[in-house]
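What follows is a set of notes on a single structure, which appears directly below.
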Number of protein chains: 2
Amino acid sequence: MTDDDDLVFKALADPTRRHLLDRLFERDGLTLTELESDLAMTRFGVMKHLRVLEDAGLVATRRQGREKLHFLSPVPIRLIHDRWISKYAEHRVAALADLKHELEETA
Amino acid sequence: MTDDDDLVFKALADPTRRHLLDRLFERDGLTLTELESDLAMTRFGVMKHLRVLEDAGLVATRRQGREKLHFLSPVPIRLIHDRWISKYAEHRVAALADLKHELEETA
DNA sequence: TTGACATGTGACTGAATAGTCACCTATTCT
DNA sequence: AGAATAGGTGACTATTCAGTCACATGTCAA
């Protein structure tokens, strides 16, 4: 009972990994050390998490000298969306989500 | 290090639960027994999974006599999408995802 | 009301996962 | 060259979670 995008969902299941994606969403091309600075965890923990994200295709990397730059790769996220939201329903669901965003901002 | 939609991501992390969402995406309003028929697992296991999905807001339910009907609730999925795909990038990413869908169909 | 059906609860067990550590390699700067 | 910096590996432990079971409640139909 394992499907193909298991890695993606497992990767997203951890709050630390979601936080890493948030940081990359805000600003792309961060290094391991930059990403680590933010977290109450050893470098090794962060490295492990980044590895999981990379294996899932949620993060792409590029080596530059002794540094490794990390980039958010959003396509797998969109594929999750498309799995349970039909093109037909998309408009309505997006409107509801927008409403929810607005309500949270005013709160 | 726990954020607010932890329940949603944890819920999606399990392949059995994703399969249940797939079934409800295909046809809404199924009962526990109907959902169970499909799975190599006891009724209790399926019930636990449905409970997790319901707590996460991914599945809504309605009692009807002695049956409990289950409905897919797609808004949390859209919120995941919006978290890492900006309105600005959405078009481009959606196009890439569509391309990927087509490639998989021809394969 | 009796029996069958549909769903529900709390406790238990085996497997998977997060985080750490000791130790290692490659690159840059002086 | 030597020291500092950035990243990497494999093994270990504590916690978490999936699945099961004995038992229980509510509903329908004859």
Side-chain angles (χ1 to χ4, degrees), chain A residues 1-24 27-72, chain B residues 1-24 27-72:
Chain A
M1 179 58 51
T2 299
D3 57 68
D4 15 341
D5 357 63
D6 201 50
L7 290 177
V8 177
F9 290 102
K10 285 269 165 52
L12 291 174
D14 184 278
T16 301
R17 289 194 285 265
R18 292 196 295 275
H19 178 78
L20 289 169
L21 293 180
D22 288 338
R23 299 248 352 243
L24 293 176
R27 187 156 78 84
D28 244 357
L30 298 177
T31 66
L32 167 60
T33 313
E34 285 170 326
L35 288 167
E36 178 207 345
S37 66
D38 199 33
L39 294 167
M41 188 187 302
T42 64
R43 206 185 77 242
F44 308 97
V46 178
M47 218 164 60
K48 243 175 140 176
H49 285 303
L50 285 171
R51 170 69 182 269
V52 173
L53 289 168
E54 197 176 347
D55 286 347
L58 285 162
V59 162
T61 61
R62 200 176 68 225
R63 295 222 53 143
Q64 191 167 80
R66 63 179 161 181
E67 294 181 333
K68 188 174 182 181
L69 309 181
H70 297 78
F71 301 87
L72 177 58
Chain B
M1 179 60 49
T2 301
D3 58 66
D4 13 341
D5 359 60
D6 201 51
L7 291 177
V8 176
F9 290 103
K10 286 267 165 53
L12 291 174
D14 185 278
T16 302
R17 288 195 285 265
R18 292 195 295 276
H19 177 78
L20 290 169
L21 293 180
D22 287 339
R23 300 248 352 243
L24 293 176
R27 188 155 79 86
D28 244 357
L30 299 177
T31 66
L32 167 61
T33 314
E34 285 169 326
L35 288 167
E36 179 206 344
S37 67
D38 198 34
L39 294 166
M41 186 185 307
T42 63
R43 207 184 76 242
F44 308 98
V46 179
M47 218 164 58
K48 241 176 142 177
H49 285 304
L50 285 170
R51 170 69 183 268
V52 173
L53 290 168
E54 197 176 348
D55 287 347
L58 285 162
V59 162
T61 62
R62 198 176 70 225
R63 297 223 50 144
Q64 190 168 81
R66 63 180 162 182
E67 295 182 331
K68 187 174 182 182
L69 309 181
H70 298 79
F71 301 87
L72 177 58

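Below, chains carry the letters A, B, ... as their sequence lines are ordered, and counting in each starts from 1. These figures come from a predicted structure and were not determined experimentally.
At whole-Å resolution of the value, NE2 in B:His19 and C1' in D:dG19 are 17 Å apart. Computed from coordinates, the B:Arg62 CZ to C:dA6 P distance equals 18 Å when rounded to whole Å. We find that CG of B:Leu53 is positioned 11 Å from P of D:dA18, with the value rounded to whole Å. When rounded to the nearest whole Å, the span between NZ of B:Lys10 and C1' of D:dC17 equals 10 Å. Between A:Leu39 atom CG and C:dT20 atom C1' the separation is 15 Å, expressed in whole Å. Straight-line distance from the CG atom of B:Asp14 to the P atom of C:dT17: 11 Å, rounded to whole Å. Atoms CD (A:Gln64) and C1' (C:dA26) sit 15 Å apart, rounded to a whole Å. With rounding to whole Å, A:Leu20 atom CG is found 10 Å from C:dG19 atom P.
Over its length, the helix from C:dT1-D:dA30 to C:dT30-D:dA1 turns its helix axis by 40°, as judged from the five terminal pairs at each end, rounded to 10°.
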How would nucleotides 1-15 of chain D be written as a contact map, 5' to 3', with B for base contact, S for sugar-phosphate-only contact and - for no contact, using protein heavy atoms under 4.0 Å? ---BBSBBB------
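For A:His49, a side-chain nitrogen or oxygen approaches OP1 or OP2 of C:dG19 to under 4.0 Å. Within the 4.0 Å cut-off from OP1 or OP2 of D:dG19, not a single side-chain nitrogen or oxygen of B:Thr42 is found.
Applying the salt bridge (Lys or Arg N to Asp or Glu O under 4.0 Å) rule to B:Asp55 yields the partners B:Arg51; only residues at least two apart in sequence or on another chain are considered. Checked against side chain to side chain contact (heavy atoms under 4.5 Å, CB included), B:Phe71 has the following partners two or more places apart in sequence or in another chain: B:Asp28, B:Arg62, B:Leu69. Under the side chain to side chain contact (heavy atoms under 4.5 Å, CB included) criterion, B:Ala13 pairs with A:Ala13, sequence neighbours left out. With sequence neighbours excluded, no residue forms a side-chain hydrogen bond (donor to acceptor under 3.5 Å, both in side chains) with A:Arg43. Partners of B:Glu34 under the side-chain hydrogen bond (donor to acceptor under 3.5 Å, both in side chains) rule, at least two apart in sequence or in another chain, are B:Thr31. With sequence neighbours left out, B:Arg17 forms a salt bridge (Lys or Arg N to Asp or Glu O under 4.0 Å) with no residue at all. Residues that satisfy the salt bridge (Lys or Arg N to Asp or Glu O under 4.0 Å) test with A:Glu54, not counting sequence neighbours, are A:Lys68.
Between B:Val46 and B:Leu32 the shortest heavy-atom distance is CG1-CD1, 3.8 Å.
Nearest nucleotide to the B:Arg17 side chain, out of D:dC21, D:dA18, C:dG19: D:dA18.
Within 4.0 Å (heavy atoms only), B:Gly65 reaches sugar-phosphate atoms of the nucleic acid but no base atom.
Here the side chains of A:Asp38 and A:Leu20 are not in contact, with every heavy-atom distance at 4.5 Å or above.
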